[in-house]
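In the text below, chain A, chain B and the rest are named by the order of the sequence lines, each starting its count at 1.
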Amino acid sequence: MSTLAQEFSKGIFKENPTFRLLLGMCPTLAITTTAFFGFGMGVSVLAVLLCSNIVISAVRNLIPDKVRMPAYILIIAAFVSATDMLLNAYVPDLHKALGIFIPLIVVNCIIMGRAEAFARKNNVVRSILDALGMGVGVTISLTLVGIIRELFGAGSIFGFNIMGSAYEPMMLLASPPGAFITLGILLGLCNFAFKRLGIE
Amino acid sequence: MNLLALIFVAILANNIVLSQFLGICPYLGLSRKLETSVGMGLAVVFVMTMSAIVTWIIDLFLLQPFSLEYLRTIAFILIIAGLVQFVEMVLKKTNPALFRALGIYLPLITTNCTILGVAILNVQSQHNIVETIVYSIATGVGFTLAMVLMAGIRERLELATMSSYLKGAAVTLVSAGILSLAFMGFKGMVAL
Amino acid sequence: MSERTFVGGIHPGYAKENTAGMPIVPAEAPSQVIIPLHQNIGAPCEAVVEVGDEVKMGQKIGEPLGFVSAPIFASVSGKVSKIEPFNHALGTPVPAVFIENDGQDTPFEGIKPNKSLEELTPEEIIAISKEAGLVGLGGATFPTHVKLSPPPDIQIDTVIINGAECEPFLTADHRLMLERADDVVLGLKAFMKALGATRGIIGVEDNKPDAISSMNKAVAENSGDYNIEVHTLHTKYPQGAEKMLIKATTGREVPPGALPMAVNVVNQNTGTAIALAEAIKLGKPLYERVVTVTGPGINKPGNFLVRNGTLIRDIIEQCGGLTPDARKLILGGPMMGVAQPTDEIPAIKGTSGVLILTEEFVRDQPIAACIKCGKCVEVCPMNLLPSFIGSAAEKKEYVLAEKYGAMDCFECGCCTYTCPAKRPLVQWIRIAKGAIAASRKK
Amino acid sequence: MERKLVVSSSPHIKSPETIQSIMVDVLVALFPVALMAVFLFGFRALATMVIAVIVAMATEAIILRNGSFFGDGSAAVTGLLLAMTLPPSPPWWVVAIGSIVAIGIGKHIYGGLGNNIFNPALVGRAVLFVSWGTHVAGSVWTRPVPFGFTADAITQASPLVTYNASLGDLFMGTVSGALGETSALALIIGAIWLFYRGHIDWRIPGGFIGIVFILGLFDGGFSMGLYHVLAGGVLLGAFFMATDMVTSPVTPAGKLIFGLGCGIVTMAIRLFGGMPEGVTFGILLMNGLTPLIDNMTLPKKFGEVKKSA
Amino acid sequence: MELVMSMAIIGGLGLFFAIVLAYAAQRFAVEEDPRVEMVIDLLPGANCGACGFSGCAAAAEKICCGEVPVDSCIPGGKAVCDSICEVLGVAAVASEGRKVAEIHCLGSRDVAPDKFEYQGVHDCKAAMMYSGGFKACSYGCLGLGTCVEVCPFDALSMGANGLPQVDTEKCTGCGVCAKACPRGVIHIVSADRKAKYVPCNSHDRGKTVRQVCEVGCIACRACVRACPNEAITMEDNLAVINRDKCDDCGKCVEVCKRGIIKDVGKVLVVA
């Protein structure tokens, strides 16, 4: 059973999509101005990933190899559209903040990548674990970036003021350049930490 | 004049990579060499313009009349996927060298969010067909510009001695951040 | 006359004052000379004497093994004691003829004066230079007769005598121009006649005004119906490099990878001109030359007429030995000369100087990162990008190094001299050149 | 000779110039500018400069851990240059963070001196500008009071906002502005020293200032051209920032293009942009272009004949 | 109605592109060998160049079209060769066993002095350009670590004594280090060789060796005489042990006056 646990945990550390595989960087940079947005995006990705992995692994033997990419995209796009509508209905604020990046989940390399690399070769149970692991990995990473940017860029975490009223937020972190620089430095730190922990 | 402003904004002030965060994956992956970055940039300009035109037409004549806007995502991505695969086949046959250079990224141009993003932005901002074409080309050029700038920087960094932890994506991101800072100078230069 | 020069270059401290005023004196002949059988660019020589043979001064002991080569002569009279490999200025040992000096300096009976220049044909002049074993005495040691035999489709119109002596410390050519100006002019005339050239130029840097006036006087007296000019050159290193000298005197630029004859010019060193003059007037082959022994590490510097095969150690002893802090022995000038691991090295035809540097010159400075100051680009006389070539070669990116011009570098050393980060650019370029040449051969 | 002979590649003599000596020269060149800043803005200016320099040097010393505080001197130069772009008295922590960012992100992420792509001082300045615009730009410019070491600070709009300062004031520096940019006189004295020592090439400042002047002509004739050159950070940028060796091209043609580019972007931002000043962004942008410029302007090799079409 | 329309549009689009792509797939078909990709996956991917090509991908192409033998990948060894054979459907060839690098010099700085002080680029090849290298012994290791730098498998390291050491676990015997060493100190040998070897590379005569090194082979022939298996020969003033004949009896070790016949494992462990 340990391998099943590995299927789950690899997405969080060893093959963390954001920090190790460098996939899905666009939303990582764009919407992580606050921890909440990062978390919301992560959960959205998790949901789409989970659904599409289930469906794709379930029908994997039915899809001819030649047209698998368009087929996967259709499946993913359907779930993305559904997510889009759900977000709009229940968390309109988040929907507005994530904006164009919700439809763009379709082309998030993580989801396509997992479909291509994992779901089409594995059974439903493994695919679910894989999707959960990867999705949680993304959610953690996005939330982490969001926390850092929100903490220094606005002085709060998940909207709760942390730094006190005297703190003058470093607006850089809320701006596009700040996103790049923060992620770049985080990536370097991660490489360093992973090397130290012996995870290649 | 309005079109000029559109071009200026798309290339510099609101650069697709440096301030809109679209197309980061190919930006990180393919900006290692000047040649490939130019090739990828041109491929993006080409595919982006084609797909923007097609999606704009489909949106206007199929989706809007039946008020099926909620199908945009799914219809657009279908069109783009088909189009890219078509381009891929043609390129493989006619220009194997470029095909090999772009490697696995040509199929991934499908999943390049710039293409879908620009298609959606075009219909969302209610561009007419001329604006759509101009905006798509300009955005593609902006993408190419960002790629080429980064390729130049990275080719130079190849000769630098730096920490192995930072080499690659990390330092590329930081450089992109500083470039993005520099591009902020263009903010507010043209009011649309 | 206006100053002539090229773009780029540096102004190092010239440090010539120690020896510039010291007349050339013959060095003592050592009790044994060790004459290497490879003394020029091109093919080596083969010994034509055997162990035990008695040889006389000026007798041929090495016969060339190819066209691009020059014979080698005994510099003393005496007995050949052995023929075996010995240290050589180029780094690896080469076969050498050891001659025990009998102290008699018995001249070889084959040495006879030739006809006067007026009576000699161009072919005869070339034959004389070949038989006298003449090579370029500036240090490159390219056989002179080869230079005098351009392909038939090239007509040389100008011969330039290189009196620039741009290398710091060295004063041998300077002294020769002061003491043997007439022979310089005679040699130049012979070169011009051999090549059918219509114009002769003697280029001298303006830090040697006495040499310029001496040469002007000699030209006025001896040039006859030859068209010879003395050009005053701006004092700047590497003014004496072949391509820079041609640019400064004639305005012509030798294309990358080409020889001066591509622009119808032949360059000769001052010393070579005098050697040719001696070969014509006396029939004397090239078995001795003027060497500047100088540098802060030597006790009594000077200009000496040194016999081929004299050990550097013997020369140093005559100059009062080394100072206690001497740390580096260089054959040639400080910019392009070759540092030697030992003083047991024989002086050869190409030995233009013996330079001893002290502790303060050899402090091993740490190599910093290139700060792209561009100073090397400014000084590079070839307009290359030394900093980029160096960085590329450091990372073993030789394709890139070639793009920035590695193969066109002639290693003048301006970039390394000027680099504030103390980067060994010339060495990297040399490595890159080797690697590029190796990959081209494949 | 007790010790072994040394063998190394030619050349065997080297110029006495080192990176450290160059950096010291730059510091010397900045001295009149710093002096003028203290003269105009009082001890607050001195405090800003000292904080910037000390923090920059400390950051570098911590990152390099080589036991030398001054090191090659480049950190001190970066810190001082950063201070020159700041108003007389921003909060101390703003200055300190600017120095840390300049040295840490601007320089050492790339592997230290020589490898950085962007001018570290300007990276620090741009980050501060975006992060705490209220402290380093906007309405924080203090009216200079020569010898007024104790006078209260009176804020005054930048001459690039008012466009009504006299050219004489701009030349002497008795206008509001960043510490190191107001006094054209002091900057020119510093630049002359750098020219004399051969550390800067005329092409970058020449191209920069020249194009700013020419474009300024279109903005209102000769006096406006001069105004654009003297006001704001053009002279500081042209003489001290754009000429940063590491981040500017090495080829002669490239230097000219680089200078022109800096000037054009600066003027574009001044005349059409949303900000009064654009020197920082102009130079940073051209820094990013430098590798490409270098590659496209490889000098013609000696003797190489351009192929005629 | 809306449901029908959406299905029609998406279905129609799908159908349209399916037809176009199906046509294009035939019209623009490109022949390519699917095995190349598979072989690339099998190769180690270190791009070490030991096969003589610029990288693993290039080698895979050549292997697939049969231009070079299936066992061209030296680092991959037998395992890779076998799996390539499987992919290509050819009979497995008897590939040679695993190989490793062996350092043939013990002349650290304290026992083999320099003849002059070298200043310049820290690279053995660069140092060789100046008077043939600074070490007095013209065959010994210069110790500037060029081999360590080029090793694609991180198997070489510089020992405290200034000589390189091989990590036989990581070493694949690709030979990149041997090619890079300007003095030929590194030999590529079979991994399951006999332990005894002569860690010296000097072809100088005994007299010269004594002058320049305390631990070099002086060609005294004592080992040659002592060997019961005739496994040791004197090749150009250097004792060479033929490991096919050697049985590790150790008699040569006893007679060697210089004490330089070693067991492979023992010289490797230098703290």
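Contact of C370(C) with chain D is made through the backbone alone, with heavy-atom distances under 4.5 Å. The contact between D201(D) and chain C is made entirely by side chain atoms (from C-beta outward), counting heavy-atom distances below 4.5 Å. Proximity to chain D is limited to the side chain of K375(C), based on heavy atoms less than 4.5 angstrom apart. For T342(C), the part sitting under 4.5 Å from any heavy atom of chain D is the backbone (N, CA, C, O) and nothing else. Residue E360(C) does not touch chain D at all, counting heavy-atom pairs closer than 4.5 Å. I22(D) touches chain C through its side chain: at least one heavy atom from C-beta onward sits under 4.5 Å away, while N, CA, C and O do not. Of the two parts of P168(C), only the side chain, counted from C-beta on, holds a non-hydrogen atom closer than 4.5 Å to a non-hydrogen atom of chain D. Using a 4.5 Å cut-off between heavy atoms, A368(C) contacts chain D through its side chain alone, with no backbone atom that close.
Atom CD1 of I19(D) and atom CD1 of I371(C) lie 4.5 Å apart (nearest 0.5 Å). Atom-to-atom distance recorded for I330(C):CD1 and S8(D):OG is 7.5 Å, nearest 0.5 angstrom. From Y404(C), atom OH reaches atom OG1 of T251(D) across 10.5 Å, with rounding to the nearest 0.5 Å. Considering CD1 of I13(D) and CD of E167(C), their distance stands at 7.5 Å, rounded to 0.5 Å. With rounding to the nearest 0.5 angstrom, the CG atom of L5(D) is 9.5 Å from the CD atom of Q340(C). Between atom OG of residue S9(D) and atom CZ of residue R430(C) there is a gap of 4.0 Å, rounded to the nearest 0.5 Å.
No donor-acceptor pair closer than 3.5 Å links the side chain of K301(D) to the backbone N or O of G405(C). In terms of modelled atom types and a separation under 3.5 Å, the side chain of T416(C) and the main chain of P11(D) share no donor-acceptor contact. Of the possible donor and acceptor atoms, one in the side chain of N383(C) sits under 3.5 Å from a partner among the backbone N and O of K300(D). At distances below 3.5 Å, not a single donor-acceptor pair connects side-chain atoms of K247(C) with backbone N or O atoms of F302(D).
Here G337(C) is the residue among P424(C), C419(C), G337(C) with the most heavy-atom pairs under 4.5 Å with chain D. The residue among L425(C), V7(C), V362(C) with the most heavy atom pairs within less than 4.5 Å of chain D is V362(C). Taking chain C as the reference chain and counting heavy-atom pairs below 4.5 Å, the highest number among V7(D), T247(D), N115(D) is found for V7(D). Per-residue heavy-atom pair counts under 4.5 Å with chain D were compared for P341(C), G374(C), A369(C), and the maximum is reached by P341(C). When each of L329(C), V338(C), V254(C), I10(C) is checked for heavy-atom pairs under 4.5 Å with chain D, V254(C) comes out on top.
The shortest distance between side-chain heavy atoms of V250(D) and E378(C) does not fall below 4.5 Å. Within the 4.5 Å cutoff, the side chain of L355(C) has no heavy atoms near those of the H12(D) side chain. Using a 4.5 Å heavy-atom threshold, the side chains of P299(D) and M382(C) count as separate.
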Check against side-chain contact (heavy atoms from CB on, under 4.5 Å), C373(C) and E17(D): CA-CA 12 Å; C373(C) 60; E17(D) 193 172 85; over 6 Å; no

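Residues forming a side chain to side chain donor-acceptor pair (under 3.5 Å) with D25(D) (at least two apart in sequence, or on another chain): R197(D), H199(D). For F258(D), the ring-ring contact (aromatic ring centres under 6.0 Å, His included) criterion is met by no residue, not counting sequence neighbours.
In F31(D), the CZ atom is not crowded: 12 or fewer heavy atoms of neighbouring residues, nucleotides or ligands sit closer than 6.0 Å.
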